[in-house]
Amino acid sequence: EERLVGILAKEMPVTYETECLKAQAVIARTNLYQSMEAGGDGSASAQENVETKEGWAEADMKAAWGEKYEQYLERMENAVAQTKGEVLTYHGELIQAAYHTASNKQTRNASEVPGQEAYTYLVSVESKEDILADGFLYIGYMEKQQFADTIQKVFPDEAIAADQLPGALEITERDSADYVTKVTYGNTVVNGEAI
């Protein structure tokens, strides 16, 4: 429970509504417990899995919150305390408590995401307000050669020609929420997540 305060601080702005903080505390606890279960075999990879669930240390919170440190720490501690022991389960098992800042107005069915098919409880729902989220739209620029070099790793059997980009990339499949699931370059089809 003590670790959750730092995890929560790292995952969500302290100024969010109390109920949002409490919901995120339950999500963070679920993911932490799931990592701890996966780390039960003592292996290095299992221990690494648990360590990736680390949150902010006291110094991180003090740096981020400044003179409001005590006030904000109390908010985080209260969110964790008010949800103590609460986790999300499906058929008695801890779930993958996926969350995100924003979707494209529709979340995804996990069954349509490569590698996530087992998470049948993660079903698509409408989320139209997401387009109003800060940072919803991000536009980044990359030189064509840099782009070619980057996607060459995803298409190792193809000779990526920078002067043919982006037109030579073809979106060949989307899921029911309109997320790209397959992209083709030449004769190679890759998972849309890779792109």
Side-chain angles (χ1 to χ4, degrees), residues 1-136 138 177 179 193:
E1 293 294 306
E2 289 177 16
R3 290 174 63 186
L4 284 173
V5 172
I7 293 171
L8 181 59
K10 184 178 181 180
E11 292 179 349
M12 181 169 276
V14 68
T15 56
Y16 277 25
E17 296 290 331
T18 300
E19 292 304 311
C20 291
L21 295 175
K22 288 166 59 177
Q24 189 66 29
V26 173
I27 290 169
R29 183 180 294 106
T30 301
N31 289 334
L32 178 61
Y33 285 11
Q34 190 179 59
S35 292
M36 291 169 72
E37 280 185 3
D41 65 8
S43 69
S45 63
Q47 181 60 32
E48 182 179 303
N49 189 35
V50 173
E51 289 172 1
T52 62
K53 301 298 180 203
E54 290 298 326
W56 280 355
E58 180 180 5
D60 300 316
M61 290 183 271
K62 284 182 175 179
W65 301 335
E67 63 186 41
K68 293 190 175 186
Y69 170 75
E70 294 293 333
Q71 174 189 352
Y72 286 171
L73 179 63
E74 185 177 353
R75 287 198 83 214
M76 292 297 188
E77 289 174 338
N78 286 339
V80 169
Q82 290 174 26
T83 62
K84 184 174 181 166
E86 293 181 25
V87 293
L88 300 167
T89 62
Y90 181 73
H91 294 303
E93 299 290 324
L94 293 168
I95 69 163
Q96 176 192 4
Y99 64 94
H100 59 277
T101 301
S103 68
N104 70 347
K105 301 189 294 182
Q106 186 81 21
T107 65
R108 300 178 78 179
N109 286 316
S111 61
E112 295 179 299
V113 179
Q116 305 293 312
E117 297 88 348
Y119 305 119
T120 56
Y121 49 83
L122 295 176
V123 296
S124 181
V125 295
E126 198 172 84
S127 188
K128 290 183 180 180
E129 297 81 19
D130 284 359
I131 64 170
L132 302 175
D134 286 339
F136 173 77
Y138 169 79
Y179 288 86
E193 297 292 317

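Keep in mind the model is a prediction, meaning the values are calculated, not measured.
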**Student:** Is there side-chain contact between Asn104 and Tyr179, with heavy atoms separated by less than 4.5 Å?
**Tutor:** yes
**Student:** Just how far is it from atom OG1 of Thr18 to atom CG of Asn78, taken to the nearest 0.5 Å?
**Tutor:** 8.5 Å
**Student:** Where is the tightest heavy-atom contact between Glu1 and Gly85, given as atom of each residue plus distance?
**Tutor:** OE2-N, 3.7 Å
**Student:** Under 3.5 Å, side chain of Ser124 to main-chain N/O of Asn109, donor-acceptor pair present?
**Tutor:** no
**Student:** Between Thr107 and Ser127, what is the shortest heavy-atom contact and its length?
**Tutor:** CG2-CB, 4.4 Å
**Student:** Looking at Leu8 and Ala79, what are the two nearest heavy atoms and their distance?
**Tutor:** CD2-CB, 3.9 Å
**Student:** Are the side chain of Tyr69 and the backbone of Ala59 linked by a donor-acceptor contact shorter than 3.5 Å?
**Tutor:** no
**Student:** Can you find a side-chain donor-acceptor pair between Glu11 and Gln24 that sits under 3.5 Å?
**Tutor:** yes
**Student:** For the atom pair CE (Met12) and CE (Met76), what is the distance rounded to the nearest 0.5 Å?
**Tutor:** 8.5 Å
**Student:** Considering all heavy atoms of both residues, which atom of Phe136 and which atom of Ala102 are nearest to each other, and what is their separation?
**Tutor:** CD1-CB, 3.9 Å
**Student:** Measuring from Gln106:CD to Glu126:CD, what's the distance to the nearest 0.5 Å?
**Tutor:** 6.0 Å
**Student:** Side-chain contact test, heavy atoms from C-beta onward, threshold under 4.5 Å: evaluate it for Tyr72 versus Thr15 and give yes or no.
**Tutor:** yes
**Student:** Answer yes or no: is there an ion pair linking Arg3 with Glu54, defined by an N-O contact shorter than 4.0 Å?
**Tutor:** yes
**Student:** Using only atom types and a distance under 3.5 Å, with no angle test, would you say the side chain of Arg75 pairs donor to acceptor with the backbone of Tyr16?
**Tutor:** yes
**Student:** Would you confirm whether Asp60, through its side chain, and Ala57, through its main-chain N or O, come within 3.5 Å as a donor-acceptor pair?
**Tutor:** yes
**Student:** Using a 4.5 Å cut-off on heavy atoms from C-beta on, say whether the side chain of Glu93 contacts that of His91.
**Tutor:** no
**Student:** Can you find a pair of side-chain heavy atoms, one from Leu94 and one from Glu37, that are under 4.5 Å apart?
**Tutor:** yes
**Student:** Take the angle between the ring planes of Tyr90 and Tyr121 and call it parallel below 30°, perpendicular above 60°, tilted in between.
**Tutor:** tilted
**Student:** Do we see a donor-acceptor contact under 3.5 Å between the side chains of Ser111 and Glu117?
**Tutor:** no
**Student:** Crowded around Gln71 CD? As in, over 12 foreign heavy atoms under 6.0 Å?
**Tutor:** yes
**Student:** Indicate the atoms forming the closest heavy-atom contact of Ile7 with Ala28, along with that distance.
**Tutor:** CG2-CB, 3.8 Å
**Student:** Looking at Ala110, is its backbone amide N or carbonyl O close enough to the side chain of Glu112 to form a donor-acceptor pair, meaning the two atoms are under 3.5 Å apart?
**Tutor:** no
**Student:** Please lay out, stage by stage, how Trp65 and Val14 fare under the test side chain to side chain contact (heavy atoms under 4.5 Å, CB included).
**Tutor:** CA-CA 9 Å; Trp65 301 335; Val14 68; 3.6 Å; yes
**Student:** Decide, yes or no, whether a salt bridge links Glu58 with Lys62 under the criterion of side-chain N to carboxylate O below 4.0 Å.
**Tutor:** yes
**Student:** Under the 3.5 angstrom rule, does the side chain of Asp130 hit a backbone N or O of Ser103 as a donor-acceptor pair?
**Tutor:** yes
**Student:** State whether Lys105 and Glu129 are salt-bridged, where the test is any N-O pair (Lys NZ or Arg NE/NH1/NH2 against Asp/Glu carboxylate O) under 4.0 Å.
**Tutor:** no
**Student:** Is any NZ, NE, NH1 or NH2 atom of the basic residue among Glu77 and Lys84 found under 4.0 Å from an Asp or Glu carboxylate oxygen of the other?
**Tutor:** no
**Student:** Using side-chain heavy atoms (C-beta onward) and a distance below 4.5 Å, is Leu88 in contact with Val26?
**Tutor:** yes
**Student:** Working to the nearest 0.5 Å, report the span between CD of Glu86 and CD1 of Ile27.
**Tutor:** 12.0 Å
**Student:** Quick check: does any side chain N or O of Arg29 sit under 3.5 Å from a backbone N or O of Thr83, one acting as donor and the other as acceptor?
**Tutor:** yes
**Student:** Once rounded to the nearest 0.5 Å, what's the spacing between atom CG of Leu122 and atom CZ of Arg108?
**Tutor:** 11.5 Å
